[in-house]
Amino acid sequence: MGVTVLQPYPVPENKTGTYVIELLTKRILALGASQQGQFLVDCESYLSHPQMGTTKTVHILHNSEQPASVFSILESGTKNIHVIADGLFDLLMMKLSQHYTSKKQTKIESKGPRFELGDFCVKLGSVTMNQNFKGILIEVEYRPCVMANAVWGLLREFLQDTNGATLERMECGIDNSPEVVVGSDVPLNTYPWVGILYYIGHDLTGEVRAVTTVVLIQQEFVIGPAADIGPMPKHDFRKNTRVILGDGWRGEELRVRNYVIHPEYGETLNTVALVQLKNIVRSS
Amino acid sequence: MSATNVAPITATDSLSQALKANIIPNQEYLLQGSVLDSAVEVLLHRLRGLCDNVDAGPETFDDQEVCFSLRDPNQQTAPLMLRVRKALDARDMPYQLRYIGQPDLGDKNRPTVVRSSLDIACSGMLIEFLNELGCRIEFEYSIKGYMFRKGRMKITVAKVFKISQSSMPPEPISQSYLVELSVLAPQGQDAIGEDMRAFADQLRPLVLLDKIDYKRLGHMAVT
């Protein structure tokens with residue numbers, strides 16, 4: 001087990017998937033890799049019986065790297081729960097056929113050659129859904145290490161060298177000007193990850209407005225003060241709240257998917273609220 | 001292309017091959033009985049004499065089991081029962097998820113109860129998984145005792161406890177130990193039933209291992 005990066009690889013127009021796989025194979029063989037068999041990952045999805053209430057989906061995955069295991073993810077609206085089981089789990093899914101039925105037309109497979117190059121293992125997968133070609137996924141694993149942060153640079157370089165692919169990662173978040181004095185002004189665009197969250201709604205007394213500052217901490221999450229976000233009306237928070245980030249201050253209003261106040265707010269010194277954005281923020 | 005570069009067999013194919021070759025142990029042959037606390041030492045002594053894994057003293061286990069039911073959405077068949085076991089004395093072991101079908105007692109000539117059974121080792125958030133899947137918790141208990149092996153046969157002598165809500169020591173549900181003799185085997189290996197019967201006879205009269213009909217137990221008056 002190491003650190004793995006999974007990355008879609010674009011298939012140029014008027015080129016086939018097979019062509020791209022061959023090209024990538026040539027490239028990686030030229031670097032000195034050797035082919036070590038083929039791999040296959042498949043995923044079948046099962047939908048719950050309509051009479052069981054809200055639809056839940058059970059995804060059953062197999063990976064030829066772990067041939068005795070079955071990976072299962074249960075998707076139920078808000079939660080994703082995963083379980084790793086031995087091969088007999090497939091038989092249990094057959095027993096559950098009254099409750100969960102397979103959606104055959106969405107069976108997805110990713111298969112192709114598997115290469116080893118020193119400490120790296122590279123898999124070039126052609127992805128098909130119900131036998132129709134959908135795209136190419138490259139999987140690169142660096143096997144001696146399990147700490148993602150420690151090998152990120154290495155993996156990125158490896159991917160660029162071998163496949164010409166680039167890993168997307170937000171490169172902001174490094175404060176280069178620690179000399180900012182509290183209370184003084186800085187140019188608006190200095191900190192692209194700082195922004196505001198505002199709420200504009202209506203109640204019986206008229207328009208209600210509230211605004212607070214937030215900080216982007218990950219591609220789809222901002223944090224803000226629970227003392228400001230907590231009192232904002234809950235019933236239409238998602239509908240009436242927008243986030244604007246300092247990334248250029250283009251005024252792009254980001255919608256909110258969900259938010260949560262720290263469970264210990266009011267009891268301990270934890271006074272933050274976590275807000276999930278509807279879409280992932282791309283750096284520019 | 002060399003032989004090592006052939007495409008791997010799909011999981012579905014390997015499963016159907018295993019099913020066709022009938023190598024999946026999905027039948028449980030079972031005999032059950034009980035022994036009073038006061039007599040359990042004698043039985044353990046006898047088992048130590050008869051069984052294989054006794055060199056290092058009897059193997060102990062301490063498990064907690066939660067039984068879930070999943071209702072048939074069409075309300076036509078009995079709910080599906082799923083059991084989750086967790087070893088309390090070996091916390092890093094995976095969960096055991098178990099499906100047990102309806103027991104088939106057969107006629108007088110059949111030596112043991114036969115029921116279909118799937119034993120699946122699982123890790124991850126299995127309890128949450130089953131809850132979200134639509135299962136309901138029916139009951140739970142803990143079971144602590146000894147495990148013996150004789151060839152393919154497994155013999156457990158164990159005490160069943162109620163799960164205590166507080167920090168009180170768990171309360172046993174009776175003054176006796178549950179004794180089970182079981183074998184997991186692929187379909188059609190009925191000869192093992194005879195071996196089990198023969199072994200059970202060697203434990204008489206300390207314990208009477210028999211085919212227990214739960215349906216009949218259910219109708220017995222509880223006083």
Side-chain angles (χ1 to χ4, degrees), chain A residues 34-44 46 48-54 56 58 60-102 107 109 111-114, chain B residues 1-19 23-26 68-84 94-101 116-136 184:
Chain A
S34 62
Q35 190 176 351
Q36 300 287 334
Q38 303 260 330
F39 83 100
L40 168 68
V41 176
D42 65 67
C43 173
E44 200 168 335
Y46 296 76
S48 61
H49 193 280
Q51 284 188 359
M52 287 170 67
T54 44
K56 291 169 185 169
V58 180
I60 301 286
L61 293 102
H62 303 97
N63 185 352
S64 57
E65 297 283 302
Q66 284 101 6
S69 301
V70 175
F71 302 86
S72 170
I73 301 169
L74 173 61
E75 226 180 83
S76 68
T78 51
K79 277 196 249 177
N80 282 342
I81 306 172
H82 64 271
V83 161
I84 305 170
D86 67 31
L88 294 184
F89 199 84
D90 286 331
L91 288 179
L92 184 70
M93 285 313 291
M94 289 183 197
K95 297 274 183 208
L96 296 181
S97 58
Q98 294 279 337
H99 311 83
Y100 285 85
T101 39
S102 167
K107 184 167 176 165
E109 278 187 347
K111 62 177 168 187
R114 179 181 178 283
Chain B
M1 197 179 272
S2 71
T4 53
N5 286 349
V6 292
I9 177 168
T10 66
T12 330
D13 286 347
S14 69
L15 187 70
S16 52
Q17 272 178 22
L19 281 173
I23 54 167
I24 297 174
N26 57 1
F68 290 86
S69 68
L70 186 58
R71 280 160 190 281
D72 178 8
N74 302 320
Q75 311 270 328
Q76 281 170 355
T77 52
L80 191 96
M81 302 301 262
L82 292 171
R83 288 145 192 273
V84 176
Y95 286 97
Q96 183 199 39
L97 170 65
R98 189 152 194 227
Y99 161 85
I100 298 178
S116 65
S117 155
L118 286 176
D119 255 324
I120 306 161
C122 290
S123 59
M125 303 182 288
L126 185 58
I127 304 278
E128 287 96 325
F129 185 89
L130 291 175
N131 272 327
E132 280 299 320
L133 200 69
C135 294
R136 223 178 52 185
L184 270 179

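Source: prediction; values computed, not measured. Convention: sequence-line order gives letters A, B, ...; per-chain numbering from 1.
- Looking at B:Thr10, the atoms closer than 4.5 Å to chain A (heavy atoms on both sides) sit in the backbone and in the side chain alike.
- Here CD of B:Glu132 is found 8.0 Å from OG1 of A:Thr54. Values are rounded to the nearest 0.5 Å.
- The distance from the NZ atom of A:Lys95 to the CG atom of B:Leu118 is 6.0 Å, given to the nearest 0.5 Å.
- By the neighbour-count criterion of 12 heavy atoms within 6.0 Å, atom CZ of B:Arg98 is densely surrounded, having more than that number from other residues, nucleotides or ligands.
- Between atom CG of residue A:Leu91 and atom CG of residue B:Leu19 there is a gap of 5.5 Å, rounded to the nearest 0.5 Å.
- For chain A, the nearby part of B:Ile24 is the side chain; its heavy atoms alone come within less than 4.5 Å.
- Note that the CG atom of A:Asp86 and the CG atom of B:Asp119 stand 8.5 Å from one another [nearest 0.5 Å].
- Residue A:Lys111 qualifies as open at atom NZ: its count of foreign heavy atoms under 6.0 Å is 12 or below.
- Between chain A and the residues B:Pro73, B:Cys122, B:Gly124, the most heavy-atom pairs under 4.5 angstrom are made by B:Pro73.
- Among A:Leu92, A:Leu88, A:Ile84, the residue with the largest count of heavy-atom pairs under 4.5 Å with chain B is A:Ile84.
- For the set A:Glu44, A:His62, A:Gln98, the count of heavy-atom pairs under 4.5 angstrom toward chain B peaks at A:Gln98.
- The part of A:His49 that comes within reach of chain B is its side chain, from C-beta onward, which places non-hydrogen atoms under 4.5 angstrom from that chain.
- We find the CG-CG distance between B:Asp13 and A:Leu40 to be 9.5 Å, quoted to the nearest 0.5 Å.
- Per-residue heavy-atom pair counts under 4.5 Å with chain A were compared for B:Asn74, B:Leu97, B:Thr77, and the maximum is reached by B:Asn74.
- Side-chain contact between A:Leu96 and B:Tyr99: absent, with no pair of heavy atoms (C-beta onward) separated by less than 4.5 Å.
- Contact check for A:Lys79 versus B:Asn131: no side-chain heavy atoms found under the 4.5 Å cut-off.
- Note: A:Ile73 CD1 to B:Phe129 CZ = 9.5 Å, rounded to the nearest 0.5 Å.
- Among all heavy-atom pairs drawn from A:Ala85 and B:Ile120, the shortest one is CB-CG2, 3.7 Å.
- With a 4.5 angstrom heavy-atom cutoff, B:Leu70 touches chain A via backbone and side-chain atoms both.
- When all heavy atoms are compared, the tightest approach of A:Ile81 to B:Glu128 is CD1-O, 3.6 Å.
- If you measure heavy-atom distances from A:Phe39 to chain B, the contacts under 4.5 Å come from the backbone alone.
- Looking at A:Val70, there are no atoms closer than 4.5 Å to chain B (heavy atoms on both sides), in backbone or side chain.
- If you measure heavy-atom distances from A:Ser48 to chain B, you find no contacts under 4.5 Å at all.
- The part of B:Leu15 that comes within reach of chain A is its side chain, from C-beta onward, which places non-hydrogen atoms under 4.5 angstrom from that chain.
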